[in-house]
Amino acid sequence: MCWNTFNNCFTVRIELKLNLMKKIVVLALVVLALFSCNKQETGWTSLLDNDLSQWDTYLSYRFQDGYNGTAPVDENGNPVSPIGLNNDEYDVFSVLLENNEPVLKISGEIYGCVVTKQEYANYHLKLKVKWGDKKYPPRKKLLKDSGIMYHSVGDFGNDYWRSWMLSQEFQVMEGHMGDFWSQQSSSIEVRAFLPEGTMMNPVADGSQPFIPLGSGSEYGGFCLRSCNFENDPGEWNTLELICYEGKSLHIVNDHVVMVLQNSRYRKNGEIVPLIQGKIQLQSEAAEVFYKDIQIRDIDELPAAYLKYFD
């Protein structure tokens, strides 16, 4: 009996030690996983909170069908002033809560933007975007439209739509996520197929040489993304913009759709590098939602993307 009792006690002790060791191993794995997640997220700064504290707002006009780029006037033919900076009494820009997380709603009813208070250079920006249901003139019969305008400098309203700062644009548009637009006197070079005459646009492709687009280019200031990787209507899309020393990448749902370099603009007749500036998110006659807006500084291009510039 004594031997059996001793044997049972010894067995129980061994089982307790084994269970304790299993718990320690499981706890260590959990801690390691949490550490790995935190390490991956190191350096990211959220740009979105309930108060839009890191953004200013700018509103210009409610444009109507037939707008031709001329300054809006009232019924007496007098010029109408834009609504202006931080004067959003129309709630074009608001923050909603979704699953207890802030979501930026841009109604699109009036042209304009939210614009970061801070300027950025050499960074990785990522965010999520999806479309709402509403559209307004002059886009009632057109595709829903918005955009990420980067390296934004200068005054608002010197563009065709009298709404934005000089910049490079990462197009956010139905079926056109990741297109490029030059704004005002900006220019850049894009890996793209040459356009076949004036009735066609360049089409981005990572296998092609860089061609100049924007101010002074014979190919215009617009380029189509390489392919459509937009998710189904109503679903969130993840967009990433990587900028480093004049180079940039437009990334849609993990796919590189545009490779760009030598960002610049014309100022007082001189060509000036355009590698730093504010970030604008456009209000452009369509309801759109943004969330998980994050940014981090980089001191080199991520290794996975170096091949695009070889």
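Note that the structure is a prediction, hence the values are computed from the model and not measured. This chain uses plain numbering: 1 for the first residue, then up along the sequence.
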From K126 atom NZ to L47 atom CG, the distance as rounded to the nearest 0.5 Å: 12.0 Å
Transitive ILVMFWY side-chain link V288 to F170, under 4.5 Å: yes
I242 side, atom CD1; Y244 side, atom OH - distance, nearest 0.5 Å: 13.0 Å
Exercise: identify the closest heavy-atom pair between P212 and S217: O-OG, 2.6 Å
Axial cation check for W236 ring with K291, 6.0 Å and 45° limits: yes
Residues N262 and E189: side-chain donor-acceptor under 3.5 angstrom: yes
Any side-chain donor near an acceptor of the partner, Y61 and S163, under 3.5 Å: no
Straight-line distance of Y67 OH to R62 CZ, nearest 0.5 Å: 16.0 Å
Side-chain H-bond candidate by donor/acceptor type, W131 with E230, under 3.5 Å: yes
Same apolar cluster (I L V M F W Y, side chains within < 4.5 Å links), L104/Y136: no
Aromatic ring pairing H255/F229, orientation class (parallel under 30°, perpendicular over 60°, tilted between): parallel
Q280 (side chain) donor-acceptor with M165 (main chain) under 3.5 angstrom: yes
Donor-acceptor pair, side chain of D88 and main chain of F93, under 3.5 angstrom: yes
For the student: nearest non-hydrogen atoms of L274 and S186, plus distance: CD2-CB, 4.0 Å
Pair D49, Q54: side-chain N/O donor-acceptor within cut-off below 3.5 Å: no
Chi angles and distances behind the side-chain contact (heavy atoms from CB on, under 4.5 Å) call for E240, D254: CA-CA 8 Å; E240 297 177 71; D254 296 323; 3.9 Å; yes
Reported CG-to-CD distance for the pair L142 and E174, which is rounded to 0.5 angstrom: 10.5 Å
Main-chain N/O of I279 paired with T116 side-chain donor or acceptor, under 3.5 Å: yes
Worked check of side-chain contact (heavy atoms from CB on, under 4.5 Å) between Q171 and M177: CA-CA 6 Å; Q171 174 86 296; M177 294 284 188; over 6 Å; no
Flag, side chain of Q168 to backbone of S187, donor-acceptor distance under 3.5 Å: yes
Which atom of Q276 lies closest to which atom of V153, heavy atoms considered: O-CG1, 3.6 Å
Donor-acceptor contact present, side-chain R139 to main-chain P137, <3.5 Å: no
Between S167 and Y150: side-chain donor-acceptor atoms closer than 3.5 Å: no
Whether H151 and Y123 hold their rings parallel, tilted or perpendicular, with breakpoints at 30° and 60°: perpendicular
Non-hydrogen side-chain atoms of V172 and L281 separated by less than 4.5 Å: no
CG on L125 to SG on C243, rounded to 0.5 Å: 8.0 Å
Pair N68, T70: side-chain N/O donor-acceptor within cut-off below 3.5 Å: yes
Whether S107 side chain and E287 backbone form a donor-acceptor pair below 3.5 Å: no
Where N50 and P102 come nearest, the two heavy atoms and their spacing: OD1-CB, 3.7 Å
Greater than 12 external heavy atoms within 6.0 Å of E196's CD: no
Donor-acceptor pair, side chain of S263 and main chain of I188, under 3.5 angstrom: no
Side-chain heavy-atom pair Y219, N201 within 4.5 angstrom cut-off: no
Pair N268-V272, side-chain contact (heavy atoms from CB on, under 4.5 Å): steps then yes or no: CA-CA 10 Å; N268 299 325; V272 181; over 6 Å; no
K117 atom NZ, neighbour heavy-atom count above 12 within 6.0 Å: yes
Identified side chain to side chain contact (heavy atoms under 4.5 Å, CB included) partner of L127 from the options T238, N237, I148, L241: I148
CA sep, side-chain torsions, deciding dist, call: V129, L239, side-chain contact (heavy atoms from CB on, under 4.5 Å): CA-CA 8 Å; V129 62; L239 308 184; 3.6 Å; yes
Cationic tip of K278 above W55 ring, under 6.0 Å, 45° of axis: no
Least distance between heavy atoms, V257 atom then A204 atom: O-CB, 3.4 Å
Cluster overlap F180 with L224, hydrophobic side-chain contacts below 4.5 Å: no
Min side-chain heavy-atom separation C223-W181 under 4.5 Å: no
Parallel, tilted or perpendicular: rings of F63 and W161 (30°, 60°): perpendicular
Could you go through residues 300-310 and list every donor-acceptor pair under 3.5 Å that involves a side-chain atom there, pairing it with any protein atom two or more places apart or in another chain?
none

K144 side chain vs E284 backbone, donor-acceptor pair below 3.5 Å: no
S185 and S215 side chains, donor-acceptor separation under 3.5 Å: no
Taking every non-hydrogen atom, the tightest pair across P202 and L213: CG-CD2, 3.9 Å
S226 backbone acceptor or donor facing D205 side chain under 3.5 Å: no
Separation between CG of N122 and NZ of K247, rounded to the nearest 0.5 Å: 10.5 Å
Cluster check L260, V256: I/L/V/M/F/W/Y, side chain < 4.5 angstrom: no
Neighbour count >12 (heavy atoms, 6.0 Å) for atom CG, N99: no
Cluster check I251, I295: I/L/V/M/F/W/Y, side chain < 4.5 angstrom: no
Short N-O contact, E235 and K130, less than 4.0 angstrom: no
Check: D179 side chain, R225 main-chain N or O, donor-acceptor pair, under 3.5 Å: yes
